[in-house]
Q: 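Would you mind keeping the following structure in view while I ask a few things?
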Number of protein chains: 4
Amino acid sequence: MSPKPNVSAERIPQILNAALAVFAAKGLNRATMSDVAEAAGLSKATVYLYFKDKDDLIYFALLTSLEQGFGNLEGILVSGGEVKSQILDWVQEIASQMAESATNLSIGFEFYALANRRPEIRERIQKYFQQYRQLLSEVIQKGITQGEFQSVEADSIAVAIIALFEGFNVLWFTEPNDASWLSLLANTIKLLLDSISLN
Amino acid sequence: MSPKPNVSAERIPQILNAALAVFAAKGLNRATMSDVAEAAGLSKATVYLYFKDKDDLIYFALLTSLEQGFGNLEGILVSGGEVKSQILDWVQEIASQMAESATNLSIGFEFYALANRRPEIRERIQKYFQQYRQLLSEVIQKGITQGEFQSVEADSIAVAIIALFEGFNVLWFTEPNDASWLSLLANTIKLLLDSISLN
Amino acid sequence: MSPKPNVSAERIPQILNAALAVFAAKGLNRATMSDVAEAAGLSKATVYLYFKDKDDLIYFALLTSLEQGFGNLEGILVSGGEVKSQILDWVQEIASQMAESATNLSIGFEFYALANRRPEIRERIQKYFQQYRQLLSEVIQKGITQGEFQSVEADSIAVAIIALFEGFNVLWFTEPNDASWLSLLANTIKLLLDSISLN
Amino acid sequence: MSPKPNVSAERIPQILNAALAVFAAKGLNRATMSDVAEAAGLSKATVYLYFKDKDDLIYFALLTSLEQGFGNLEGILVSGGEVKSQILDWVQEIASQMAESATNLSIGFEFYALANRRPEIRERIQKYFQQYRQLLSEVIQKGITQGEFQSVEADSIAVAIIALFEGFNVLWFTEPNDASWLSLLANTIKLLLDSISLN
DNA sequence: AATGAATGAGCGTTCATTCAT
DNA sequence: GATGAATGAACGCTCATTCAT
């Protein structure tokens, strides 16, 4: 279940990156271990040196893809200035990142689907959303504390924003050529924040 | 790509229902044609009598799962009464349905992922969302016309609502034991509608 | 092993002709019973009403294709006139027939190959060649008797002519676009007959 | 379409020989990849390591069976002595070889039949016959140059001889227990060569 | 540490054949 | 006599996984 802590632990990210690329291109199932090995410039057997089996590889690929963090959400917490506008900037930033790696979204859906059968995957995804939610919640709370927002339940707003991101992901993915998603998403979140703003 | 139009066209729903059950339980890829046949109480060869191949079966299974319509959204259009409260009722209804068929969500994610490789699947999903969006848009527009809502872009609100549904789906699916999703979703949509309401 | 002698025995040639067409087009193995049934305008089950199984159908298809006789070889026996020139005319005639149904040659090769595994097929082919040989032998003999040919072994010449036909069949089939086969065949047989002619 | 060029390229002839044996015994279609693998003492998957698919295997089996060359026909070209007698010796030699590997003839017919559907197979067979014809043609031409034969078209005689070989193959194959084919073939070719000899 | 070579286990698909109507 | 519907039995092919070197 876990990569070996070898000297050439450089192999692990090498393999994981190859895996993510191949998974995104061909889908979790059509991607073969051969594909991954080839993309990593290694032999199949070598991949098995670092990952127990394909499930293991998928699991760590998920972890890797979940590591990308939440943009500079942390920055908002420590910076001065108006929270709302900083959130809206952050939305732009995240949405732009999404737009750039649109292909990667499809792995996301496969990971979600996998959660149904693999508890450890579900747990990681849950943990990811919890952290996300927690962080976003604190940001909203800061806005409340600073007097920008009404005294609403910060957590509810955090969840709403996350749901909007995920929901627009779906719409974006199914109709990737429609360029309006980004502004629709931004406007919706703005509307939401406006509605809890104090004046 | 096409089921036969024979007398025993009862076979087709029989197989499709079996397929949906098996797909939901095992995932699109781990579900074998044997599994589907067995679940349908038929032989494998018989399944092939009605569906060209597994891809064909998956495609029509998608169509079936997309056929469930949009609740009584149409009802709102023709009924009298306040739009906002009717929308909120409808949200409750749809969300309850989702809660009941939580397992089915996982197929949904697989279908989304599949859209990347199979244009005809992407098209059907797009069409589904377009109809959904169109209908919801008309409902919002009715609210505007009736003087309930400000003169906002109805379509943007419609998309926002759909995105919220999809986004909460994701959250729900990854953490199915959390009972609060439904009310969080309902509250968020209420917040949204309140923010465009006229008083 | 044998077609039923039913009232609608018109079905039998109907099926056999369809079978020959399909066999020629797709090969004995790739041709399915469905193909044959469809080509005959009947249902699969009906084909089984008249032929026990596919092997049976192939066997009777072989018989049918062997029934085409040996051109007007018999005519030479009863006619007056020079034998040699009549044989050469007959060669032209047969070779032209071959040219017209070039596709059919491929079934021929499949039948030959099948002879290895199916004694009853080998027997029919043997019988076919024996009759052919016998008839041709008599024609040569007539030429000897008439004083056209030297007193050679008529049977050897008959076999040689048959072998030349079969051999040119192979060459023709493998290089069907070469138009010279017919004249090469005719010239070779002429050379052979000249070499046994008396002046 | 292509065997791998690895160290264990010993596998390739191993598999091809097994394939030829199985193909001859069961026919191209009834022979399964499992049969071939088993005959080669390997697993099915290993066969697929060296041959892309069954078609590929058949194609290379054809090449192998076509590689056996044309006896010492080349020897006649460089040797001194009478051409005619050397040809007749060669006929005996080739015919004996044919007699020994009578079973293999049946694959031959299947290959011919296959030429109809597979252009690359047709091409190889054509090439085979062309080389054969070219070589034989030169031998005849040498006989003409040496003053043994009349100044006939060497190529026509070459084709006639090839046709006779192929034709007798057919007859031999359909009636393998008849021991007279060899002498009939030899005599016919002798007759042909006599008829173009100069005295 | 690395891999070429090998394979067991399965899966999607086809097709000759049967049988109730 | 005719057939629509159904299926058992295979077969070609793939792929995750192992292991000797």
Side-chain angles (χ1 to χ4, degrees), chain A residues 4 6-11 29-37 40-58, chain B residues 4 6-11 29-37 40-58, chain C residues 4 6-11 29-37 40-58, chain D residues 4-11 29-37 40-57:
Chain A
K4 300 184 182 177
N6 281 329
V7 182
S8 37
E10 60 181 275
R11 286 289 109 93
N29 282 284
R30 301 177 89 90
T32 70
M33 292 301 270
S34 287
D35 291 333
V36 173
L42 296 168
S43 78
K44 240 185 305 181
T46 303
V47 174
Y48 276 92
L49 235 45
Y50 295 93
F51 295 92
K52 189 177 141 289
D53 52 24
K54 194 182 180 184
D55 279 352
D56 196 37
L57 182 55
I58 288 174
Chain B
K4 296 189 180 177
N6 283 334
V7 180
S8 45
E10 61 182 270
R11 285 291 110 88
N29 275 281
R30 302 179 91 89
T32 72
M33 294 300 273
S34 288
D35 290 334
V36 173
L42 296 169
S43 78
K44 231 187 314 181
T46 302
V47 174
Y48 279 93
L49 233 45
Y50 296 94
F51 296 92
K52 190 178 142 288
D53 53 24
K54 195 182 178 183
D55 278 352
D56 198 37
L57 182 56
I58 289 175
Chain C
K4 301 184 182 176
N6 281 328
V7 181
S8 38
E10 60 180 275
R11 285 290 110 95
N29 281 284
R30 302 177 88 92
T32 70
M33 292 302 271
S34 288
D35 291 333
V36 172
L42 297 169
S43 78
K44 240 183 310 182
T46 303
V47 173
Y48 277 90
L49 236 43
Y50 295 93
F51 296 91
K52 190 176 144 286
D53 52 23
K54 196 182 179 183
D55 279 351
D56 198 37
L57 182 55
I58 288 174
Chain D
K4 297 187 179 177
N6 281 334
V7 181
S8 44
E10 64 182 87
R11 286 291 108 90
N29 275 282
R30 302 178 92 90
T32 72
M33 292 302 272
S34 288
D35 291 334
V36 173
L42 296 168
S43 77
K44 228 188 317 181
T46 302
V47 173
Y48 278 93
L49 232 46
Y50 296 93
F51 296 92
K52 192 178 140 288
D53 53 24
K54 195 182 179 183
D55 278 353
D56 197 37
L57 182 55

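Convention: sequence-line order gives letters A, B, ...; per-chain numbering from 1. Predicted model, so just to flag it, every value in this text is computed and none were measured.
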Q: Let me check I have this right: for DNA chain F, each base becomes ., (, ), [, ] or |, based on Watson-Crick or G-U pairs with both distances under 3.5 Å. What is the full string?
A: .||||||||||||||||||||

Q: Output the distance between atom CD1 (B:Ile58) and atom CG (B:Asp53), rounded to the nearest 0.5 Å.
A: 9.0 Å

Q: Which heavy atom of B:Lys44 sits nearest a heavy atom of B:Ser34, and at what distance?
A: CE-OG, 3.3 Å

Q: Just the rounded figure in Å: distance from C1' of F:dA5 to OH of B:Tyr50.
A: 6 Å

Q: Under the rule for side-chain hydrogen bond (donor to acceptor under 3.5 Å, both in side chains), what residues qualify as partners of C:Asp55, not counting sequence neighbours?
A: C:Arg118

Q: Which atom names give the shortest non-hydrogen contact between D:Val47 and D:Met33, and what distance separates them?
A: CG1-CE, 3.9 Å

Q: Once you round it to whole Å, what is the distance between C1' of F:dA5 and CD of B:Glu10?
A: 11 Å

Q: Send over the distance from A:Leu49 CG to E:dT3 C1', rounded to a whole Å.
A: 10 Å

Q: If I take atom CG from residue B:Leu57 and atom OH from residue B:Tyr48, how far apart are they, to the nearest 0.5 angstrom?
A: 8.5 Å

Q: Just how far, in rounded Å, is C1' of E:dG10 from CG of B:Asp35?
A: 12 Å

Q: Summarise how protein sits on nucleotides 14-21 of chain E as a single string, 5' to 3': B when a protein heavy atom is under 4.0 Å from the base, S for sugar-phosphate-only contact, - for no contact.
A: BBSBBB--

Q: Does OP1 or OP2 of F:dG8 have a side-chain N or O of B:Ser43 closer than 4.0 Å?
A: no

Q: In whole angstrom, what separates A:Ile58's CD1 from F:dA16's C1'?
A: 11 Å

Q: State which residues pass side-chain hydrogen bond (donor to acceptor under 3.5 Å, both in side chains) with C:Ser43; sequence neighbours excluded, sorted by chain then number.
A: C:Thr46

Q: Quick one: side-chain hydrogen bond (donor to acceptor under 3.5 Å, both in side chains) partners of C:Thr32, sequence neighbours excluded?
A: C:Asp35

